[in-house]
Amino acid sequence: MPLRKAVALSAAATLAAGLLGPAPAHADEPPQQISNGDFSQGTADWWSSPGAEMEAAEGVLCVDVPGGTGDPWEVIVGQDDVPLTAGESYGFSFTASGLEGRPIRSLVQEPVDPWSTELDERPILSTEPTTHEYVFTASADRDDAQVAFQIGGSEQEWTFCLHEVSLVGGAEPPVYEPDTGPRVRVNQVAYLPEGPKAATVVTEATEGLPWEVADADGTVVAEGTSTPRGTDTTSGQNVHTIDFGQLTAEGEGYTLTSDGQTSHPFGITAEPYAALATDSLNFYYTQRSGIEILDGIAPGYGRAAGHTGVEPNRGDTEVTCHPDTPCDYSLDVSGGWYDAGDHGKYVVNGGISVHQLMSVYERAHTAPTGDPGRVGDGALAVPESGNGAPDVLDEARWQMEFLLSMQVPEGEEPAGMAHHKVHDLEWTGLPMMPADDPQPRYLHPPSTAATLNLAATGAQCSRVFAPYDPGFADTCLTAAEAAWEAAVAEPERYADPTGAGGGPYDDDNVDDEFYWAAAELYLATGGAEYEEAFTSSALHTGEVFTADGFDWRWTAPLGRLQLATVPSALADRDEVRASVLAGAEQYLENVREHPYGLAYSPASGVFAWGSNNLVLNNMAVLATAYDISADERYRDAVLEGMDYVLGRNALNQSYVTGYGTNDAVNQHSRWYAHQLDPALPNPPKGTLSGGPNSDTGTWDPVSRANLEGCAPQFCYIDHIDAWATNELTINWNSTLAWVSGFVTDQGTAAVPASSDCEVEYSTHDTWSGGFNTQVTIRNNGTEPVNGWELNWSFPGGQTVDRSWSSELAQAGRVVTAGGLDWNSVIPADGEVTFGFVGHSPSEHVPSPERFTLNGKVCG
């Protein structure tokens with residue numbers, strides 16, 4: 001082939017001076033493990049994939065790579081039967097050339113399924129011969145290891161050339177030493193002006209150290225002495241802590257200096273959290289399946305729609321059951337969010353994710369420091385912005401409609417249950433844009449856990465969408481109630497713990513899902529059946545807030561938090577609220593006792609996969625405790641806990657892309673894959689990394705190769721193939737969105753409820769489709785209120801029909817009441833009363849609990 005021969009001859013001339021042939025090995029030198037690595041014997045001992053023609057000339061082996069391939073492994077050149085000795089460290093090097101900027105995958109691996117890797121690297125090629133060198137330690141004895149170069153995945157034809165390949169033992173064992181930067185660790189984003197401000201110093205000193213904070217101009221604005229804390233067991237470091245909470249002046253570019261070290265810069269302002277609360281939600285648009293992602297909405301992230309049936313996709317528009325568990329129907333399950341860095345969609349992980357997005361909206365309307373305006377229409381970068389519905393609900397609806405589509409239809413078995421997941425038959429490689437995925441996709445069998453996730457989220461959906469789309473709200477509730485009935489009939493249908501092409505998300509304890517679903521259905525309907533279901537559960541009075549935190553597998557805390565915060569007539573609601581405060585105490589203690597302010601102390605001492613998600617969910621419990629009690633200890637623990645996520649940790653690592661000096665940018669993803677292909681982006685701003693994972697049984701090859709023996713906080717590496725420590729997922733970002741929204745509200749609306757006003761809201765009569773309510777506003781202050789405006793949010797789909805003694809207006813679920821000429825003044829120590837008749841979609845008419853009088857929350 002002329003192109004290949006031209007490349008080979010040019011490369012041979014370039015390398016002639018230095019690579020005329022391998023030097024003979026001396027007796028004391030380790031043997032060369034690669035046969036014919038200089039190609040002096042042509043292509044002997046090398047092979048290539050069918051259809052990829054291979055030739056060797058002038059000491060250079062070249063392969064014509066066909067275009068139009070999807071996965072890297074569709075075209076491979078390699079060598080088999082390479083011997084390895086367990087525990088031996090090897091130097092692997094090769095010189096290669098090819099298409100400028102083209103990523104390839106170089107492997108030393110097991111030659112058969114499961115293809116366990118000893119080395120897996122993704123170098124970027126140049127047209128000029130370039131040498132790539134790596135070191136790895138073999139994990140097993142092999143006489144049949146395979147060296148492989150995966151070079152498929154390009155639309156265009158090109159030529160790949162190897163100029164020399166070497167694998168030699170006796171190398172220095174690889175030691176991964178993370179660059180942890182300055183030993184003074186701070187929140188690299190911002191501290192709230194009126195919030196706590198803490199830092200951690202890594203030092204050998206045992207006595208307190210002087211410290212000082214300088215502003216952006218270098219002027220010292222605060223100083224003091226550190227507090228020794230001894231050895232932190234989660235990092236193995238001797239540390240001190242610094243409290244500079246007395247500094248409240250807003251600004252950017254502050255630095256903290258102690259023990260001869262100066263921290264990364266930080267701000268004292270609430271502004272970054274408002275951006276983070278938005279960015280963490282904007283993340284979901286670029287995770288959408290079944291829709292073109294527009295560059296005009298998400299600059300730099302535009303891509304074709306994935307899994308719509310356009311070749312090479314098989315599509316999600318007509319998906320049948322997996323061949324191992326066949327069914328005689330197919331479903332349109334397009335849409336929804338890709339779960340993580342792969343192309344799978346999972347109901348159980350999608351459930352907690354969409355729940356927490358809908359809860360962002362609900363909290364804004366129910367919490368004393370909530371801000372409904374922050375989650376309104378136009379707040380996010382989504383195509384639906386401007387349609388009259390809150391953008392966070394528009395985004396939640398994209399996922400909710402997918403969950404509804406996973407329900408087994410009437411007339412099929414088991415009708416009403418939800419399929420557990422949908423994903424590819426086999427795993428796809430990295431990088432892989434969703435529209436380029438060629439794998440067939442299948443529904444996996446229904447499970448009780450997935451069905452209860454649908455019941456819970458469908459019930460919540462019916463509440464939050466009622467003011468904006470009553471028809472969709474009804475659809476959600478109908479599906480939720482059908483799912484509940486199906487789950488009660490099939491209480492032990494569990495997902496298979498194994499499988500290829502996607503994560504298992506198996507769960508053989510669904511008592512917690514029953515509790516959560518029953519709670520949500522009760523809050524949506526007031527139904528006695530659902531109240532009986534959760535109040536009779538052992539979980540209702542048991543401890544659900546554990547040291548290990550909660551996630552998709554343990555959802556009982558979701559039910560408890562909802563019962564504590566969503567308005568209802570639950571008889572033991574005070575006890576439920578008290579249990580949240582009790583649960584928050586342990587996380588408060590974690591933050592206070594830990595020298596990095598970490599709201600996580602697992603019982604085993606082992607940090608789990610996705611530990612950052614567990615940290616943030618614990619902080620959500622603390623935040624809810626503050627919403628219930630107004631106890632500032634809980635609020636401050638959330639603020640300090642956020643410091644850990646944003647850089648005040650052993651690695652000096654911000655785990656949120658785009659936030660902090662040293663932020664995570666290489667999370668495991670098939671399309672945010674800049675580390676593998678410079679033409680692709682890193683994850684968008686506001687993307688959370690899973691974080692430290694010291695559970696070695698779950699480690700990927702990159703983590704195994706680099707993190708052996710790590711203290712828990714050090715069990716992390718910002719590498720795209722380190723999925724066990726550095727993946728991104730929809731349920732991790734959902735808790736980041738919830739908590740960052742809470743923090744934003746503390747910086748902008750963080751005022752305690754005023755005792756100067758109180759509101760009595762009494763619904764006297766209810767009938768089919770209607771209710772009659774009287775509202776009294778009392779002014780407990782010493783001055784009259786001249787001109788009053790009272791605001792509240794209806795808990796469900798209630799609407800105002802007519803009113804008296806006030807002027808009422810409603811927008812979505814928010815009602816505004818104003819005085820008339822004759823009652824526009826509320827005297828000191830006086831009151832005004834007005835009433836209205838309203839419409840309700842059901843006889844369940846919960847009363848609102850948050851009222852603002854002229855913008856001030858009433859106590």
Rounded distance [0.5 Å steps], SG in Cys461 versus CG in Leu404: 6.5 Å
Taking atom OH of Tyr530 and atom CG of Leu521, what is their separation to the nearest 0.5 Å?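 One gets 5.0 Å once the value is rounded to the nearest 0.5 Å.
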Any side-chain donor near an acceptor of the partner, [X] and [Y], under 3.5 Å:
X	Y	value
Thr565	Thr366	no
Glu789	Thr816	no
Gln287	Asn733	no
Asn349	Asn731	yes
Thr317	Asp332	no
His540	Asp572	yes
Glu843	Trp767	no
Tyr361	Gln460	no

Using a strict threshold of under 4.0 Å (side-chain N to carboxylate O), is an ion pair present between [Y] and [X]?
X	Y	answer
Glu520	Arg560	no
Arg397	Asp469	yes
Glu413	Arg493	no
Asp745	Arg363	yes

More than 12 heavy atoms of other residues, nucleotides or ligands under 6.0 Å from CD of Glu292: is that the case? yes
Got a sec: does the CD of Glu318 have more than 12 other heavy atoms crowding it under 6.0 Å?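 Result for CD/Glu318: open.
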Does the side chain of [X] reach to within under 4.5 Å of the side chain of [Y], using non-hydrogen atoms?
X	Y	answer
Val743	Ser740	no
Thr766	Ser840	no
Asn612	Leu688	yes
Tyr522	Leu563	yes
Glu412	Cys327	no

May I ask you to check whether [Y] and [X] place their ring centres under 6.0 Å from each other?
X	Y	value
Trp804	Phe836	no
His322	His444	yes
His423	Tyr442	no

Is the [X] ring parallel, tilted or perpendicular to the [Y] ring (thresholds 30°, 60°)?
X	Y	result
Trp516	His355	perpendicular
Tyr515	Phe534	perpendicular
Phe514	Trp484	perpendicular

Positive for side-chain hydrogen bond (donor to acceptor under 3.5 Å, both in side chains) with Thr286, one of Tyr301, Tyr338, Trp671, Tyr672: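 Between Thr286 and the candidates, side-chain hydrogen bond (donor to acceptor under 3.5 Å, both in side chains) is satisfied uniquely by Tyr672.
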Which donor-acceptor pairs under 3.5 Å do side chains of residues 794-803 form with protein atoms, sequence neighbours excluded?
from   : atom 1 : to     : atom 2 : distance (Å)
Gln798 : OE1    : Gly796 : N      : 2.8
Gln798 : NE2    : Pro846 : O      : 3.2
Ser803 : OG     : Ser806 : O      : 3.4

Exactly one of Tyr284, Phe402, Phe283 should register a ring pair (Phe, Tyr, Trp, His ring centres under 6.0 Å) with Trp337. Which one does?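 Of the listed residues Tyr284, Phe402, Phe283, the ring pair (Phe, Tyr, Trp, His ring centres under 6.0 Å) partner of Trp337 is Tyr284.
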Qualifying salt bridge (charged side-chain N to carboxylate O under 4.0 Å, His left out) pairs with a residue from residues 335-351, counting only residues at least two apart or across chains: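 Qualifying pairs: Asp316-Lys345.
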